[in-house]
**Q** 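Take a look at the following structure, please.
Order of the sequence lines fixes the chain letters, A, B, ..., with proteins taken first and strands second; residue numbering starts at 1 for each chain. Note that these values count all heavy atoms, side chains included, but never hydrogens, waters or copies made by symmetry.
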Protein chains: 2
Amino acid sequence: MTYEPLKLENQVCFRLYTAARLTMGAYHPYLDPLGITYPQYLVLLVLWEQDKQPVNDIAHKLLLETNTVTPLLQRMEKSGLVNRTKGKEDSRQRIVSLTKKGIEMREQAKHIPECLSADIIKNEGSVEEITQMIPTLDKLIEGLKQNNQQINN
Amino acid sequence: MTYEPLKLENQVCFRLYTAARLTMGAYHPYLDPLGITYPQYLVLLVLWEQDKQPVNDIAHKLLLETNTVTPLLQRMEKSGLVNRTKGKEDSRQRIVSLTKKGIEMREQAKHIPECLSADIIKNEGSVEEITQMIPTLDKLIEGLKQNNQQINN
DNA sequence: TCAATTTATATCGTTCACGATGCAAAAATA
DNA sequence: TATTTTTGCATCGTGAACGATATAAATTGA
């Protein structure tokens with residue numbers, strides 16, 4: 001009985017990749033009525049915590065590149081959720097602020113986390129077990145951040 | 001001290017989404033020289049376990065839709081990794097088989113899993129802790145599969 | 001002060017990911 | 001057998017993700 005690393009079933013990354021995709025799928029019933037996608041929901045979470053942030057801060061908090069976030073914000077501006085104004089001190093910056101619609105969406109989104117927990121309980125049973133993964137995921141993310149930085153230097 | 005579900009830092013899904021993206025990034029140094037992407041690597045893993053499978057089987061094993069896998073396989077055919085031939089019993093099927101190049105790539109990819117483990121150890125320390133998440137991830141994936149099926153009915 | 005460098009954002013091209021739709025072959029059923 | 005339904009795959013459109021590159025503004029430093 002030998003351990004075979006090239007087997008799909010032995011790969012942690014495949015599970016992360018799949019779990020992430022399926023979890024995003026589970027958000028669909030709640031985000032579709034609001035007319036937003038999961039990455040757009042993440043941007044809103046960031047702005048609901050603190051309004052009026054430059055693109056870079058948002059990208060940094062989501063661990064995304066600005067060339068991912070810029071088009072995302074452009075789409076959100078087009079759909080009336082945010083405004084993008086030139087920075088006053090630093091005119092290279094684009095300050096992203098919530099519109100009335102963006103602010104009000106928070107009320108509608110308020111119950112999404114508990115809805116998702118309920119869905120998970122319904123089909124699988126244990127939110128506790130899942131939340132126990134958080135410290136490990138955080139350590140993994142921190143390590144991967146450093147690793148990928150080393151690659152790009 | 002109230003728990004705030006709408007805070008980014010309290011969201012498990014965001015961590016899965018981030019961990020998955022960053023892990024895929026960590027594969028780059030090993031996959032780029034082979035000229036393949038991470039999803040293409042997953043397809044190869046499936047075909048290395050068993051050659052000559054219809055599109056549907058591959059999609060099912062990767063938990064992807066066929067409309068994701070079909071273009072993926074078309075690109076892999078164009079880059080000379082696989083062939084796609086009409087099924088003999090069921091002519092609706094497309095049987096995907098490895099080319100010589102696809103078979104030989106297994107040798108070059110052999111050490112990727114241990115390289116990735118080494119990278120994780122280097123920057124974070126504990127592969128054991130990460131592999132301990134596997135049962136939980138599997139339960140989560142299984143529950144989400146059922147949940148998302150219920151949605152689409 | 002002026003050139004060189006860095007920084008913040010944007011643009012472009014390629015590859016996923018997936019909902020919606022189309023189509024032909026197979027299976028089910030009348 | 002003829003018709004309906006299902007199945008397997010493909011195509012199209014949209015929205016991420018991200019590497020590479022561009023551009024203008026700010027910063028550094030000679």
Side-chain angles (χ1 to χ4, degrees), chain A residues 14 17-29 31-32 35-43 53-60 62-79 81 84-96 148-149 151-153, chain B residues 14 17-29 31-32 35-43 53-60 62-79 81 84-96 148-149 151-153:
Chain A
F14 171 63
Y17 159 82
T18 303
R21 279 190 307 105
L22 294 183
T23 310
M24 284 169 62
Y27 273 91
H28 259 122
L31 298 182
D32 283 354
I36 58 174
T37 64
Y38 182 73
Q40 292 177 9
Y41 171 66
L42 292 179
V43 170
Q53 296 189 52
V55 175
N56 215 9
D57 288 22
I58 297 172
H60 190 253
L62 298 179
L63 301 183
L64 288 167
E65 305 295 321
T66 61
N67 56 0
T68 299
V69 175
T70 292
L72 192 52
L73 291 170
Q74 286 169 342
R75 284 186 289 270
M76 290 176 78
E77 185 174 48
K78 201 152 70 175
S79 63
L81 291 166
R84 293 155 66 240
T85 57
K86 273 231 163 77
K88 279 159 195 166
E89 305 114 60
D90 187 335
S91 73
R92 289 170 305 180
Q93 288 185 334
R94 285 280 211 162
I95 308 298
V96 183
N148 294 4
Q149 267 169 18
I151 291 165
N152 300 319
N153 283 339
Chain B
F14 172 62
Y17 159 82
T18 302
R21 278 190 309 102
L22 295 182
T23 312
M24 282 168 64
Y27 273 91
H28 259 121
L31 298 182
D32 283 354
I36 57 175
T37 64
Y38 183 72
Q40 290 176 11
Y41 172 66
L42 291 180
V43 170
Q53 297 188 53
V55 175
N56 214 11
D57 287 22
I58 297 172
H60 190 254
L62 299 179
L63 302 182
L64 288 166
E65 305 295 320
T66 61
N67 55 359
T68 297
V69 175
T70 292
L72 191 54
L73 292 171
Q74 286 169 342
R75 286 186 287 272
M76 290 177 77
E77 184 172 48
K78 201 151 68 174
S79 62
L81 291 166
R84 294 157 63 243
T85 56
K86 275 230 162 79
K88 279 159 195 167
E89 304 115 60
D90 187 336
S91 73
R92 289 170 305 179
Q93 289 185 334
R94 284 280 211 161
I95 307 299
V96 182
N148 295 2
Q149 267 170 16
I151 291 165
N152 301 320
N153 282 339

**Q** Donor-acceptor pairs under 3.5 Å, side chain of residues 71-79 of chain B to any protein atom, not counting sequence neighbours: which ones?
**A**
unit_1, atom_1, unit_2, atom_2, d
B:Glu77, OE1, B:Arg84, NH1, 2.9
B:Glu77, OE2, B:Arg84, N, 3.2
B:Ser79, OG, B:Arg75, O, 3.2
B:Ser79, OG, B:Met76, O, 3.3

**Q** How many whole angstroms separate atom CG of A:Leu72 from atom P of D:dC18?
**A** 12 Å
**Q** I need the CD-P distance between B:Gln149 and C:dG19, as an integer number of Å.
**A** 13 Å
**Q** Quick one: what's the B/S/- string for nucleotides 7-13 of chain C, heavy-atom cutoff under 4.0 Å, read 5' to 3'?
**A** BSBSB--
**Q** Is there any side chain to side chain donor-acceptor pair (under 3.5 Å) pair reaching into residues 86-96 of chain B, and which pairs are they, with sequence neighbours excluded?
**A** B:Asp90-B:Arg92
**Q** In whole angstrom, what separates A:Ile36's CD1 from D:dA16's P?
**A** 10 Å
**Q** Counting only side-chain N and O atoms of A:Ser91, is one of them less than 4.0 Å from OP1 or OP2 of D:dA24?
**A** no
**Q** Report the distance from atom CG of A:Leu31 to atom P of C:dC18, rounded to the nearest whole Å.
**A** 15 Å
**Q** Mind checking ring pair (Phe, Tyr, Trp, His ring centres under 6.0 Å) for B:Tyr27 and listing every partner two or more places apart, or none if nothing turns up?
**A** B:Tyr38, B:Tyr41
**Q** Verify the contact: side-chain N or O of B:Tyr38 to OP1 or OP2 of C:dT15, cut-off strictly under 4.0 Å; return yes or no.
**A** no
**Q** Using the test side chain to side chain contact (heavy atoms under 4.5 Å, CB included), find all partners of B:Asp57 that sit at least two apart in sequence or belong to another chain.
**A** B:Gln53, B:Pro54
**Q** More 5' along DNA chain D: A:Pro39 or A:Lys88, using each one's nearest nucleotide?
**A** A:Pro39
**Q** Let me see the working for B:Thr23 and A:Tyr17 under side chain to side chain contact (heavy atoms under 4.5 Å, CB included), right down to the final yes or no.
**A** CA-CA 9 Å; B:Thr23 312; A:Tyr17 159 82; over 6 Å; no
**Q** Return the value, rounded to whole Å, for the distance between atom NE2 of A:His28 and atom C1' of D:dG15.
**A** 10 Å
**Q** Expressed in angstrom and rounded to an integer, what is the separation of B:Lys86 atom NZ from C:dA24 atom P?
**A** 11 Å
**Q** Within a strict 4.5 Å, meaning less than it, do heavy atoms of the B:Gln40 and B:Leu31 side chains meet?
**A** no
**Q** Nearest whole Å is fine: how far is D:dA16 P from A:Leu64 CG?
**A** 10 Å
**Q** List the atom of B:Leu22, the atom of A:Asn148, and the distance in Å for their closest heavy-atom pair.
**A** O-ND2, 3.3 Å
**Q** Quickly work out the A:Met24 CE to C:dC16 P distance and round it to whole Å.
**A** 16 Å
**Q** Is any side-chain N or O of A:Arg75 closer than 4.0 Å to OP1 or OP2 of D:dA16?
**A** yes
